[in-house]
Amino acid sequence: MVYTDTRNKKVSVDFKTAVINGMNASTGGLYIPVEYPKLPATFTCRTPEPSFREVAFEMAKPYVEGEIPDSDLQGIIQDCYPFLSQVVPIDPVSYVLELFHGPTCAFKDFGARFMARVMSYFNRGENDNLHILVATSGDTGSAVGSAFHNVPGIDVTILYPEGKISALQEKQLSTFTGNVRALRVAGTFDDCQKLVKTAFTDNGLRKKFRLSSANSINISRLLPQSFYYMYSSLVVKNRIPYDSKIDDPAIIVIVPSGNFGNLTSGLIAREMGAPIAGFVAATNSNHTVPDWIASGEYEARPSVPTLSNAMDVGAPSNYERIKAMYTLDEVRSLFASYWTDDEGTLSAIRGCHDKTGYVIDPHGAVAWKAWNDIRLGGMEKLIAGEKGDPSKPGLTPNVPSWGQAVVDKKAVGIILETAHPAKFGSTVVDAIGREPSIPDRLEKVMSLPDRSIPMENDYGKFKEFLTSTF
Ligand SMILES: *Cc1c(COP(=O)(O)O)cnc(C)c1O
């Protein structure tokens with residue numbers, strides 16, 4: 001596969017280059033594949049549907065063609081996904097897709113584990129280790145640390161702001177041994193990011209180390225997230241004749257979004273033939289993308305803190321990929337977009353629990369609320385011409401191509417549940433009055449010794465640490 005750049009269509013690199021570089025430093029653009037090959041109908045129409053790992057293999061294959069042979073790709077996928085995503089029906093027309101069954105209980109495990117194994121694969125012939133630097137405000141650090149832990153040929157240093165992440169998040173990234181270490185920086189998340197960025201532009205340091213980043217703009221994190229969109233839409237399509245008995249339904253996926261990597265992966269799955277009619281882009285009070293869809297003007301802004309904090313992004317980096325893939329009119333026809341505030345998020349956790357018995361986390365709750373409002377009158381009002389005020393929580397004024405199917409009760413929704421509710425226990429308690437059950441792997445990590453290393457907010461000290469440790 002040839003990869004090009006969101007800012008310069010003349011750029012043409014292979015998969016390895018796109019993965020190791022992360023982004024194109026010479027243009028500031030992001031790598032995207034030049035095409036999204038459709039899987040054959042003989043595959044997507046199989047009953048019963050293919051397994052998750054079969055889907056993963058068939059979808060990954062064209063993107064690594066000529067660079068990773070089939071047998072090695074099979075091995076990588078086996079090693080990435082000892083866990084699966086799970087489709088859980090919560091009412092006849094709504095399914096929750098649980099993406100938290102991986103080691104760190106959040107959907108980022110799907111992308112980070114694939115990226116780690118692909119990077120290790122491409123580093124096989126090298127004499128020196130590849131050194132990954134990652135700044136985190138919480139969930140990315142644990143997913144990346146866990147994904148690279150004990151992966152050969154790679155060292156990882158995680159930087160996080162001391163005292164600014166939750167106790168559970170801190171345990172999840174500071175208790176690794178071996179090739180993954182965490183620095184607790186006396187500063188903010190922005191300070192951590194600045195230390196990492198300075199290291200990347202330090203030519204002296206780069207001569208000593210092969211440095212790479214692991215952030216969510218890397219194409220090797222995006223591609224594997226498309227696997228669960230394809231898989232779950234095939235599962236749901238085959239279940240509908242038994243659950244809701246709707247003839248030829250429109251399948252809508254509702255995506256709680258921050259950097260919009262997850263939603264971009266959904267677009268890739270749809271291009272490749274997943275039976276998905278469209279999407280709902282659901283955000284919290286950081287509604288840069290809904291505002292763009294409503295007004296046509298894109299305006300990045302500082303982020304504001306919310307209860308769904310993994311979505312607190314004011315300048316979503318994958319906006320650039322979405323814009324490279326579609327025109328604004330196409331986006332308005334593919335997505336509904338919706339946002340809610342903290343009050344709405346709490347009432348959604350409560351409402352979902354009261355109506356369905358399902359305990360949902362604050363991120364999934366934003367998506368559940370969007371779907372509930374859309375199908376219980378929101379879309380009907382929009383089509384009747386009653387548009388909401390885009391500066392208030394709710395739907396943006398565009399009517400997506402699948403809007404009428406919702407009004408006609410011929411649509412079903414797949415709500416992405418991106419984190420286990422136990423990761424946000426106190427918010428869930430505030431909403432429903434009880435703690436969610438805690439998975440063993442989260443409980444275990446709480447009793448491990450903290451191995452984080454203190455670090456001043458000072459580039460000289462950070463560099464000294466790197467050069468004296470490795
Ligand atoms: C990262 C994250 C998101 C947002 O995903 P994007 O790809 O950045 O849109 C949503 N929920 C959880 C729990 C996350 O960790």
Side-chain angles (χ1 to χ4, degrees), residues 30 85 96-115 134-147 165-166 168-169 172-173 189 214-226 228-229 253-269 279-290 300 303 306-322 335 337-340 345 348-349 360-370 415-425 427-428 436 442:
L30 308 182
S85 62
V96 169
L97 177 62
E98 294 182 345
L99 298 172
F100 56 64
H101 295 287
T104 74
C105 297
F107 89 98
K108 290 187 173 69
D109 287 330
F110 281 91
R113 288 176 70 84
F114 189 78
M115 173 174 63
V134 57
T136 182
S137 54
D139 278 357
T140 299
S142 51
V144 167
S146 160
I165 68 176
S166 77
L168 177 62
Q169 281 177 324
Q172 278 195 298
L173 53 81
F189 170 60
N215 56 22
S216 64
I217 58 178
N218 198 299
I219 191 73
S220 67
R221 274 180 66 173
L222 221 56
L223 294 173
Q225 292 173 174
S226 65
Y228 52 71
Y229 283 88
V253 188
I254 308 96
V255 189
S257 295
N259 243 329
F260 280 76
N262 203 358
L263 203 139
T264 305
S265 302
L267 295 167
I268 293 173
F279 300 88
V280 181
T283 77
N284 59 30
S285 297
N286 296 280
H287 42 87
T288 306
V289 168
S303 64
T306 74
L307 294 175
S308 47
N309 58 24
M311 290 154 48
D312 294 348
V313 180
S317 44
N318 283 292
Y319 158 75
E320 200 164 318
R321 284 199 172 101
I322 294 173
F335 313 172
S337 74
Y338 181 96
W339 71 275
T340 191
T345 304
I349 298 172
I360 203 160
D361 98 292
H363 303 81
V366 170
W368 180 84
K369 183 167 168 55
I415 295 155
L416 301 198
E417 171 61 325
T418 47
H420 193 287
K423 292 189 88 169
F424 302 91
T427 302
V428 174
L442 275 189

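Each ligand, and each atom within it, is numbered from 1 in the order the structure gives.
- Checking side-chain atoms of Ser337 against main-chain N and O of Ala281 turns up no donor-acceptor pair under 3.5 Å.
- Note on ring orientation: taking the six-membered ring where Trp is involved, the planes of His287 and Trp339 are parallel (angle under 30°, cut-offs 30° and 60°).
- Here Asp139 pairs with Lys423 under the salt bridge (Lys or Arg N to Asp or Glu O under 4.0 Å) rule; sequence neighbours left out.
- Residues meeting the side-chain hydrogen bond (donor to acceptor under 3.5 Å, both in side chains) test with Thr104, sequence neighbours left out: Asp109.
- With hydrogens and angles disregarded, no donor-acceptor distance shorter than 3.5 Å links the side chain of Asn284 to the backbone of Thr306.
- Every residue two or more places apart in sequence or in another chain was checked for a side-chain hydrogen bond (donor to acceptor under 3.5 Å, both in side chains) with Thr264, and none qualifies.
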Just list the N/O pairs, ligand 1 to protein, that are under 3.5 Å apart, with the distance for each.
unit_1, atom_1, unit_2, atom_2, d
ligand 1, 7 (O), Gly261, N, 3.2
ligand 1, 7 (O), Asn262, N, 2.8
ligand 1, 8 (O), Asn259, N, 2.8
ligand 1, 9 (O), Gly258, N, 2.8
ligand 1, 9 (O), Asn259, N, 3.3
ligand 1, 9 (O), Phe260, N, 2.9
ligand 1, 11 (N), Thr418, OG1, 2.8
ligand 1, 15 (O), Lys108, NZ, 2.5

